[in-house]
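One structure below.
Along the sequence shown, residues are numbered consecutively beginning with 1.
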Amino acid sequence: MLAVLLAIVGLVAGFGANTVITKKRLGSVEEKAQKELAKAKKEAEKLVDAARVESNKAVEETRKEEQSRRRELKDLEQRIITREESLDKKLDQLDKRSEALRTNEDEVEQLKNEIREIRGKQQEKLEKIAKLTKADAADKLMQMTERDIKNDLLGLINKLQNEARDNADEKAALIITTAMERMASEVTAERTISSIKLDDDEMKGRIIGKEGRNIQALQRATGVDIMVDDTPGYVVLSSFDPIRREVARMTMEMLMKDGRIHPGRIEEVVAKAQKNVEKDVIRAGEDAAREVGVIGIPKEVLQLLGELKYRTSYGQNVLKHSTEMAHIAGVIAEEVGADIKTTKYAALVHDLGKALTHKMEGKHHHISGEMLRKYGAPEAVALAAEQHHDDVDATSVEALIVRTVDAISASRPGARNISAENFGERMRELENVANGFPGIDKSYAISAGREVRVFVRPQQIDDLSAIKLARDIATKIESTMQYPGTIKVNVIRETRAIEFAK
């Protein structure tokens, strides 16, 4: 029992001591909390004061900016008002001036009417005095003048006509002879082939290629008939079209120099040669213009002019014929007092249409005038070039000079060769017949017109259609053309599959 009582007493004492300790701890914690709360309140008050100060500053700055903007707006408004007042004053002044001008116009019109009335009255008085109207007086005066000077005028006209008739032939012959004597030109030779010298017989074999693949690729790409075995040591290129022949010549020279001759390389070199010929065309046009001293020719006209280097008319090179004409025309224009620049310009470009006659319908001189107008050449030049043939009346001295020098240049000895022109025309006609059928890619007349090679589009023409197409072309040639011997129609259909390994 005693032990139990002692235990109870110990527990009670321990609980009481623990309670006292706990109360002490709670008191100290509450005191700390109060201190922290007071400290936080002070800091919060400081922050609020600082925020209030910053806010007051911001409000003050905003107020100042607003006041500044208001002042600026007032100034702007004042300036606008001032301008409006100034404009109103100017408008008032303009209204006053307009009113004054209307008043003056009315006064001037009244004065004009008064003057007309005075003139009418004076004329009526004069007619009454003279007993003649104004028209009758004018007729009588003309009759008197004509009667007095009619005989003198007739005599003068007859005298001038007789002198002109007596001297015209002599003076014209003198002018033309003088112009022709100052020109020296080469004689035209008929030529439809080009020859290339070979270094050795091995090169001939490389040009032919295995089973003739290389030479076939060359003929197909250029449209030129290539003859290897006809002349020892030479390759002969035959074509009526000098542009194709020039492309083929450049191609052969580049291939022989490079040494790599195969169908793929041939196509690349042909494309490069065609670009070189195009550059040469531009250079030829510029050189011709520079030679005759004509400047300011549009670039498109120079392009067409350069193409005439590869065109012939009755065997006569058209570009040389044009430059020759320009020189003679300049001499004659100077002699007769015509516009030298216009005359030389028109003579140089008079045959421009011959570079396009296969692409456009119409006569070449009409096409020349159309192209010159299209590309901005002077109208006087276009008219003179267009009127150089007899189907169009010449309306200027320059056109007559161009017509005259065209006849001079064409009729001089050695200027033209009729057979070459007829041959070229027949070749072009043969190709045009083939090109008139659908599905044709390109066609070439070769072997002096004894064969026409027609390349068709394989997507449009199959093998059976190619056989029928060859028969149709041959039938049309028989019915529309005149030719000696026979013409071989060779229709070629080729399909290529090309891929690149990368």
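Around atom NZ of K341, no more than 12 heavy atoms belonging to other residues, nucleotides or ligands sit under 6.0 Å away. For D393, the CG atom counts as loosely surrounded, since its 6.0 Å shell holds 12 or fewer non-hydrogen atoms of other residues, nucleotides or ligands. At most 12 non-hydrogen atoms from other residues, nucleotides or ligands lie less than 6.0 angstrom from CD1 of I295.
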Exercise for review: Given salt bridge (charged side-chain N to carboxylate O under 4.0 Å, His left out), test E478 with R471 step by step and report yes or no.
Suggested key: CA-CA 11 Å; E478 290 172 356; R471 180 66 262 169; 3.6 Å; yes

Check your understanding: Given M481 and R426, is the side-chain contact (heavy atoms from CB on, under 4.5 Å) satisfied, shown in steps?
Key -> CA-CA 9 Å; M481 293 184 62; R426 187 161 64 87; 4.0 Å; yes

Point to revise | Evaluation steps, side chain to side chain donor-acceptor pair (under 3.5 Å), between D95 and S98 | key: CA-CA 5 Å; D95 291 338; S98 299; 5.3 Å; no

Exercise for review: Just do the side-chain contact (heavy atoms from CB on, under 4.5 Å) check on N276 and M254 with the steps written out, would you?
Suggested key: CA-CA 12 Å; N276 291 339; M254 286 190 284; 4.3 Å; yes

Review point. Could you go step by step and tell me if D406 and R403 meet the salt bridge (charged side-chain N to carboxylate O under 4.0 Å, His left out) rule?
Key: CA-CA 5 Å; D406 184 36; R403 183 179 295 185; over 6 Å; no

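The pair R260-E268 fails the salt-bridge criterion, with no side-chain N (NZ, NE, NH1 or NH2) lying under 4.0 Å from an Asp/Glu carboxylate O. Of the charged side-chain nitrogens involved, none lies within less than 4.0 Å of a carboxylate oxygen, so that K275 and E278 do not count as a salt-bridged pair. Contact check on K272 versus E253 returns no salt bridge, with no Lys/Arg side-chain nitrogen under 4.0 Å from an Asp/Glu carboxylate oxygen. Between K96 and E99 no salt bridge is recorded (no basic side-chain N to carboxylate O distance below 4.0 Å). Using a 4.0 Å cut-off between a side-chain N of Lys or Arg and a carboxylate O of Asp or Glu, R220 and E494 qualify as a salt bridge. Remark: K89 does not engage D92 in a salt bridge, criterion side-chain N to carboxylate O under 4.0 Å.
Remark: side-chain polar atoms of R493 are paired, donor with acceptor, to backbone N or O of I461 under 3.5 angstrom. Not one N or O on the side chain of E398 forms a donor-acceptor pair closer than 3.5 Å with the backbone of V381. Under a 3.5 Å cut-off, the side chain of H388 and the backbone N or O of A385 do form a donor-acceptor pair. Without hydrogens or angle criteria, T222 side chain to R244 main chain gives no donor-acceptor distance under 3.5 Å. A donor-acceptor pair is defined here as one N or O able to donate and one able to accept, closer than 3.5 Å; no such pair exists between the side chain of K344 and the backbone of G293. For E451 (side chain) and N490 (main-chain N/O), no donor-acceptor pair under 3.5 Å exists by modelled atom type.
Here the two rings, on H366 and H389, have centers that are 6.0 Å apart or farther.
Contact record, E386 with H365: O-CD2, 3.3 Å, taken as the closest heavy-atom pair. Contact record, D351 with L308: O-CD2, 3.6 Å, taken as the closest heavy-atom pair. Minimum interatomic distance between L305 and G285 (heavy atoms only, all atoms of both residues): CD2-O, 3.8 Å. Shown here for P378 and Y345, the closest heavy-atom pair between the two residues is CD-CE1, 3.9 Å. Scanning all heavy atoms of the two residues, the minimum distance from R457 to I440 falls at NH1-O, 3.0 Å. When all heavy atoms are compared, the tightest approach of E431 to Y444 is OE2-CA, 3.4 Å.
The line from CG of L255 to CG of N214 is 8.5 Å long, rounded to the nearest 0.5 Å.
Between the side chains of D472 and T475, no donor N or O sits under 3.5 Å from an acceptor N or O.
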